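Bear in mind the structure is a predicted one, so any value in this text is a computation, not a measurement. Throughout, protein chains are lettered first and strands after them, A, B, ... in sequence-line order, and every chain is numbered starting at 1.
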Protein chains: 2
Amino acid sequence: MSEFPDGDGTRVETLERPALAAAREAIADGIARGALVTVFGRCTVDYEGRASSRLEAGDRHVMLKPDGAALVHTDEGQQPVNWQPPGCEHDVYRDEADDRLVIESVRSTPDERLRVSFGTVLQVSAFSGTDENDLALVGTEEDLRERILTEPDLLEPGFTPLATERETPAGAVDIYGKDSAERTVVVELKRRRVGPDAVSQLRRYVDALERDLHADATVRGILVAPSVTDRADRLLVEHGLEFVSLEPPAE
Amino acid sequence: MSEFPDGDGTRVETLERPALAAAREAIADGIARGALVTVFGRCTVDYEGRASSRLEAGDRHVMLKPDGAALVHTDEGQQPVNWQPPGCEHDVYRDEADDRLVIESVRSTPDERLRVSFGTVLQVSAFSGTDENDLALVGTEEDLRERILTEPDLLEPGFTPLATERETPAGAVDIYGKDSAERTVVVELKRRRVGPDAVSQLRRYVDALERDLHADATVRGILVAPSVTDRADRLLVEHGLEFVSLEPPAE
DNA sequence: CGCTGCATCTCGTTA
DNA sequence: TAACGAGGTGCAGCG
């Protein structure tokens, strides 16, 4: 085992090809210390909870986070083949009868259990460090909204935004406003090209508002997105809804 | 550096607190060999593509997969703070002017670039192994469909399934069939509790089929799920759709 | 805790 | 390649 404390408290401990007993101890220590623990080795994986799954033996990379998240990665795919969300309790123990090392991550609400059983452990690492910074992301739906609120004419000349997240019986509307003829306008924003689901969503808001404001008032529904699919376009026409092409700011 | 070949070709190589030049070489070797490479250290992360983001310096865990995927994990959350999907080209080089080690993962369609810049590398590992097995998952929507096709009376007495994935102008219907009175039935399946979106989806299919089969035929729309939210329930009533409570098989 | 909707959603399938 | 929908979606915000 190697240990690397430095002035910042950053620390990495690594075991290579440990015996299962030593691996268990290193993993338990890392979890107790609040470290991010990784284990690479040959394992089976069982999950039971919202669904249930089994994965037969193979070499995989397991990550245990101090917030209770667990990730099992194979050498393919962006997504873990199995996982457990934050909030779990990690447990590690030896199954001496079968000579295996078992990591269990369990949570409730919903009841879920992930069990990773190693026959061979090739590496255990425990990482401690500091990360004070949050991600700064540009190009979200919220950025698109800001763009329109700053320059409402981008939607159409004479548009006046009155509220964001305005509540309706069908949910909160992205932008609520009036056009130059004082007609009520409901705007649904999407940061990328949209399909039929976004049109239906807008439709639900328009329906709810027409009901809310009594039947006499016409409510215009405008979908704002970079583009729409063919089916979404036809659906817009069917429902008497409109489309304005706008993208979130690039930076 | 330690190297651990075994009979199966399983291999783990680890560098601890390497100089940036040595880290670069180990990472490049691992990528070239088709290994799963991990790097832990203090880094900044920049992304540009479908959106753009910046993450200031912090200690993070980076995983580079042989299929081109890249993942940057902090010590919190199930999701990576930054990532790149499979299909990327990984590149690693030293920025000698600034004495940093840079990992770039780039792809096209869409054009996207992830750049991780390390000032300090605490560990580099390269993992090779074998994983022949696929995940066996039970409790999916498809399992729920099988359950109904095997025992159609679960939906309602006298129901006769005629097709799955039947195409309509609005998309493919999960189950298409007839009830005991020979009326057309459209069934939309969801493996878990559903909200308004699932109701709208069913509505689109029913509308499309009524149009397709001409206006004279009544089309029943049935949503099958473990349960629905209040809003979804009201929306079902509004649209004259029905609900049947069924869960996918537990195992 | 549940509901709602966003996401650089990812991923598989199909036209 | 694009579109459509499932997902053990995760996640934040709000009630």
The reported gap from CG in Asp207(A) to NE2 in His239(B) (rounded to nearest 0.5 angstrom) is 6.5 Å
In plain terms, say whether Asp46(A) and Arg54(A) are close enough for a salt bridge, that is, a side-chain N and a carboxylate O under 4.0 Å apart. yes
Confirm from the modelled atom types if Gln78(B) and dG10(D) form a donor-acceptor pair under 3.5 Å, side chain to base only. no
Report yes if a donor N or O on one partner sits less than 3.5 Å from an acceptor N or O on the other, where the partners are the side chain of Glu141(A) and the base of dG5(C); otherwise report no. no
As a test of reading the structure: which of dA6(D), dG5(D), dT8(C) is closest to the side chain of Lys190(B), going by heavy atoms? dA6(D)
Please report the distance, rounded to the nearest Å, between CD in Gln79(A) and P in dG8(D). 10 Å
Starting at the 5' end of DNA chain C, which residue's closest nucleotide do you reach first, Gly171(A) or Pro85(B)? Gly171(A)
Could you state the CG-C1' distance from Asp233(B) to dG2(C), rounded to the nearest angstrom? 16 Å
Qualifying residue for side chain to side chain contact (heavy atoms under 4.5 Å, CB included) with Thr184(B), from Asp179(B), Leu213(B), Val206(B): Leu213(B)
side-chain N/O Gln201(B) vs dC4(D) OP1/OP2, d < 4.0 Å: no
Please state the C1' separation for the pair dG7(D) and dC11(D) - nearest whole angstrom. 14 Å
Report the nucleotide, chosen from dC1(C), dT10(C), dG10(D), that has the shortest atom-to-atom distance to any side-chain atom of Arg50(B). dT10(C)
Is the shortest side-chain N/O distance from Arg191(B) to OP1 or OP2 of dT9(D) below 4.0 Å? yes
Examine dG5(C): is either OP1 or OP2 under 4.0 Å from a nitrogen or oxygen in the side chain of Tyr205(A)? Give yes or no. yes
Less than 4.0 angstrom between a side-chain N/O of Arg192(B) and OP1 or OP2 of dT9(D), yes or no? yes
Can you tell me the distance, in whole Å, between the CG atom of Asp197(B) and the P atom of dC4(D)? 16 Å
Mind checking if Ala198(A) touches a base, just sugar-phosphate, or nothing, with heavy atoms under 4.0 Å? nothing
Would you indicate what Thr140(A) reaches in the nucleic acid, counting non-hydrogen atoms under 4.0 angstrom: base, sugar-phosphate, or nothing? sugar-phosphate
Does the side chain of Ser200(B) come under 3.5 Å of the side chain of Arg204(A) through a donor N or O and an acceptor N or O? yes
Just to confirm, is there a sub-4.0 Å distance from OP1 or OP2 of dT8(C) to any side-chain nitrogen or oxygen of Arg113(B)? no
Taking for Leu189(A) and for Gly77(A) the nucleotide of DNA chain C with the nearest heavy atom, the one nearer the 5' end belongs to Leu189(A)
What I want to check is whether an N or O donor and acceptor connect the side chain of Asn82(B) with the base of dT8(C) at under 3.5 Å. yes
Between the CG atom in Leu246(B) and the CG atom in Leu144(B), the distance rounded to the nearest 0.5 Å is 6.5 Å
Compute whether any side-chain donor of one residue and acceptor of the other, for Tyr93(A) and Glu104(A), lie under 3.5 angstrom apart. yes
Which whole-number value in Å describes the distance from Arg231(A) CZ to dA2(D) C1'? 12 Å
Of the listed nucleotides (dG8(D), dC6(C), dT1(D)), which one gets closest to any side-chain atom of Glu188(A)? dC6(C)
Give the residues of residues 142-149 of chain B touching DNA chain C, defined as any heavy atom closer than 4.0 Å, sorted by residue number. none
When we call it a touch if two heavy atoms are under 4.0 Å apart, what does Pro86(B) touch: a base, just sugar-phosphate, or nothing? sugar-phosphate
When the distance from CZ of Arg193(A) to P of dC4(D) is rounded to whole Å, what number comes out? 8 Å
Strictly by modelled atom types, are Tyr47(A) and Glu112(A) linked by a side-chain donor-acceptor pair under 3.5 Å? yes
Are a donor atom and an acceptor atom from the side chains of Gln201(A) and Lys190(A) found within less than 3.5 Å of each other? yes
Return the value, rounded to whole Å, for the distance between atom CG of Asp174(B) and atom P of dA6(D). 6 Å
Result for side chain to side chain contact (heavy atoms under 4.5 Å, CB included) between Asp131(A) and one of Val81(B), Thr74(B), Asp59(B) points to Thr74(B)
Expressed in angstrom and rounded to an integer, what is the separation of Tyr47(B) atom OH from dC9(C) atom P? 7 Å
Pick the nucleotide of DNA chain D nearest each of Pro196(A) and Ser52(A); which residue has the one closer to the 5' end? Pro196(A)
Between dC11(C) and dA7(C) - C1' atom distance, rounded Å: 14 Å
Please determine whether a side-chain nitrogen or oxygen atom of Thr229(A) lies at a distance below 4.0 Å from atom OP1 or OP2 of dC4(D). yes
Please state the C1' separation for the pair dA6(D) and dG10(D) - nearest whole angstrom. 15 Å
Any Trp83(A) side-chain nitrogen or oxygen under 4.0 Å from OP1 or OP2 of dT9(D): no
Interatomic distance where CG belongs to Leu114(A) and P belongs to dG10(D) [whole Å]: 13 Å
